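The structure appears right after this line, and notes come after that.
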Amino acid sequence: MLRSGVRFAKYHGIGNDFIVVDLRERPEELQPWKARGVAICDRRYGVGADGVLAILPGLTGDARMEVINSDGSIAEMCGNGLRCVVRYLRDRGGLGDAMQIETNAGTLRCSVDRDDITVLLGPPRLERPQIPMSGEGRCIDEPYVIEGIERRITGVSTGNPHLVVFVESADEARRLAREQGPVLERHPWFPLKANVEFAYARSRFAIEVHVWERACGLTLACGTGASATAVAAVLTNRADAGVPISIQLPGGRLAITVHHDLANVAMTGPATHVFDGDLSV
């Protein structure tokens, strides 16, 4: 059981909101947080959030982030959440402008420059078993029929499994995320389910994305989803490597740079403190 009067902080990354709790001095409390995560994230009866971000002591990095989704599941990674954790550790956690944070998707290098935080996500995973996605080889710009229309789909992992679908308009992306996102999230291709991005490339430097997020549903923003979309755009010659790609999500904008050799993907964007509070549960 959680102690009464447990302090937490509320943050958001372009609308993707989280409860941040610093457990570096009391890591034994992680299990109670996992048990109570659903109730705490409830937007009517709890604090309300897309997830809980537990900061734990690091083994090899400066700290570790554990992501508890609003449905109680544990995520491999969360791009917007990681920026929130970095902001917390920079502003009030005793760390400087550069740090390495351990996640279930590996240890990631992060840096703070005024309002922006950059996370190096490492190389994208494209082989189906690595995503994970059923089958062998890669799924890049493959045809797939949705609502009787042939679409082009790409499978990518940028810490979480993603399916990116390019469409012909922003309105179409918005509608399909709502209507087809739940179907594709649970498609038999994905043994761990998938985040689904419907993307409209306005130009080679600007893409609008609407996301159906695994375990959350429609979301204002998804950092790893924005990154996966940029990777898919470069792989399918809809965008260029080596330069920032502006990814517009409903909650705001992220800048994603895909390195020429796919050795790294850099995600840059803000993280905002909303309020602090006490939990009595």
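Small disclaimer: the values here were computed from a predicted structure and weren't measured.
Leu126 has its side chain out of reach of Gln130: every pair of non-hydrogen atoms, C-beta onward, lies at least 4.5 Å apart. In this structure the side chain of His210 never reaches within 4.5 angstrom of the side chain of Arg175, judged on heavy atoms. With a 4.5 Å cut-off on side-chain heavy atoms, Leu56 and Leu23 count as touching. Counting heavy atoms from C-beta outward, His273 and Arg87 have side chains that stay 4.5 Å or more apart. Using a 4.5 Å heavy-atom threshold, the side chains of Arg64 and Leu59 count as separate. Contact annotation: the side chain of Phe8 approaches that of Val47 to within less than 4.5 Å [non-hydrogen atoms, C-beta and beyond]. Side-chain atoms of Val21 and Arg26, non-hydrogen and from C-beta on, do get closer than 4.5 Å to each other. Looking only at side-chain heavy atoms (C-beta outward), Pro250 and Leu220 come within less than 4.5 Å of each other.
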**Study point:** Check against side-chain contact (heavy atoms from CB on, under 4.5 Å), Thr219 and Asn195
**Key:** CA-CA 10 Å; Thr219 184; Asn195 301 276; over 6 Å; no
Exercise for review: Could you walk me through whether Arg90 and Leu95 pass the side-chain contact (heavy atoms from CB on, under 4.5 Å) test, one step at a time?
Suggested key: CA-CA 5 Å; Arg90 168 61 179 82; Leu95 298 186; 6.0 Å; no
Point to revise | Step-by-step side-chain contact (heavy atoms from CB on, under 4.5 Å) determination, Gln180 to Arg151 | key: CA-CA 12 Å; Gln180 295 298 317; Arg151 316 281 182 179; over 6 Å; no
Check your understanding: Passes side-chain contact (heavy atoms from CB on, under 4.5 Å), Asn80 versus Phe18? Steps please.
Key -> CA-CA 9 Å; Asn80 289 321; Phe18 305 96; 4.1 Å; yes
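Separation of atoms CG (Asp97) and CG (Asp113) is listed at 8.0 Å; rounding is to 0.5 Å. Atom CE of Met65 is separated from atom SG of Cys110 by 8.5 Å, given to the nearest 0.5 angstrom. In this structure, His162 NE2 and Glu213 CD are separated by 8.0 Å, a value rounded to the nearest 0.5 Å. In this structure, CD1 in Ile153 is found 5.0 Å from CG in Leu163, a value given to the nearest 0.5 Å. Separation of atoms SG (Cys78) and CD1 (Ile68) is listed at 12.5 Å; rounding is to 0.5 Å. Note that OH of Tyr200 is 15.5 Å distant from OG1 of Thr229, once rounded to the nearest 0.5 Å.
Follow the hydrophobic side-chain contacts under 4.5 Å out from Leu108 and you reach Val258 in the same cluster. Under the 4.5 Å side-chain contact rule for hydrophobic residues, Leu176 and Val164 do not share a cluster. At a threshold of 4.5 Å between side-chain heavy atoms, the hydrophobic network of Ile, Leu, Val, Met, Phe, Trp and Tyr places Val234 and Phe198 in two separate groups. Tracing side-chain contacts under 4.5 Å through hydrophobic residues (I, L, V, M, F, W, Y), one reaches Tyr11 starting from Leu89; they form part of the same cluster. By the criterion of side-chain heavy atoms lying less than 4.5 angstrom apart, applied directly or through intervening Ile, Leu, Val, Met, Phe, Trp or Tyr residues, Tyr88 is not grouped with Ile19; the two fall into different hydrophobic clusters.
Around atom CZ of Arg109, no more than 12 heavy atoms belonging to other residues, nucleotides or ligands sit under 6.0 Å away. The 12-atom threshold is not exceeded at CD of Glu136, counting heavy atoms of other residues, nucleotides or ligands nearer than 6.0 Å. Few gaps surround CD on Glu150; more than 12 heavy atoms of other groups in view lie less than 6.0 Å from it. Atom CD of Glu168 sits in a sparse spot, with 12 or fewer heavy atoms from other residues, nucleotides or ligands closer than 6.0 Å. No more than 12 heavy-atom neighbours from other residues, nucleotides or ligands sit within 6.0 angstrom of CG on Asp115. Residue Tyr45 places its OH atom among 12 or fewer non-hydrogen atoms of other residues, nucleotides or ligands, all under 6.0 Å distant.
Using a 3.5 Å distance cut-off with no hydrogens or angles, the side chains of Ser73 and Asp71 do pair a donor with an acceptor.
Between Asp50 and Arg43 there is a salt bridge, since at least one side-chain N of the basic residue sits less than 4.0 Å from a carboxylate O of the acidic one. Ion pairing between a basic and an acidic side chain is recognised when a charged N comes within 4.0 Å of a carboxylate O; Arg138 and Glu127 show such pairing. A salt bridge links Glu76 and Arg214; the closest N-O separation between the charged side-chain nitrogens and carboxylate oxygens is under 4.0 Å.
The two residues Ile131 and Phe190 have their closest heavy-atom pair at CG2-CE2, 4.4 Å. In terms of heavy atoms, Lys10 sits closest to Gly48 at NZ-O, 3.0 Å. Across all their heavy atoms, Asn16 and Ala221 have their closest contact at OD1-O, 3.1 Å. Pro57 and Pro27 make their closest contact through CD-CB, 4.0 Å (heavy atoms, listed as atom of the first residue, atom of the second, distance). Taking every heavy atom of both residues into account, Leu254 and Gly223 meet most closely at CD1-CA, 3.9 Å. Nearest heavy-atom pair across Gly61 and Glu102 is N-OE2, 2.6 Å.
Within the 3.5 Å criterion, the main-chain N or O of Gln100 finds a donor-acceptor partner in the side chain of Asp62. Judged purely by atom type and a 3.5 angstrom limit, Asn264 has no side-chain atom pairing as donor or acceptor with the backbone of Pro123. Judged by distance alone, the side chain of Arg24 and the main-chain N or O of Gly93 form a donor-acceptor pair under 3.5 Å.
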Under 3.5 Å, which donor-acceptor pairs do the side chains of residues 239-249 form with other protein atoms, sequence neighbours left out?
from, atom 1, to, atom 2, distance (Å)
Asp240, OD1, Arg204, NE, 3.2
Asp240, OD1, Arg204, NH2, 2.9
Asp240, OD2, Arg204, NE, 3.3
Ser246, OG, Arg253, NH1, 3.4
Gln248, OE1, Arg253, NE, 2.9
Gln248, OE1, Arg253, NH2, 2.8
Gln248, NE2, Gly252, O, 3.4

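Just one residue in the list Ile256, Leu82, Thr158 forms a side-chain contact (heavy atoms from CB on, under 4.5 Å) with Met267, and that residue is Ile256.
When ring centroids are compared, Trp189 and Tyr144 come within the 6.0 Å threshold.
A cation-pi arrangement, defined by a distance under 6.0 Å to the six-membered ring centre and an angle within 45 degrees of its axis, is present between Arg238 and Phe166.
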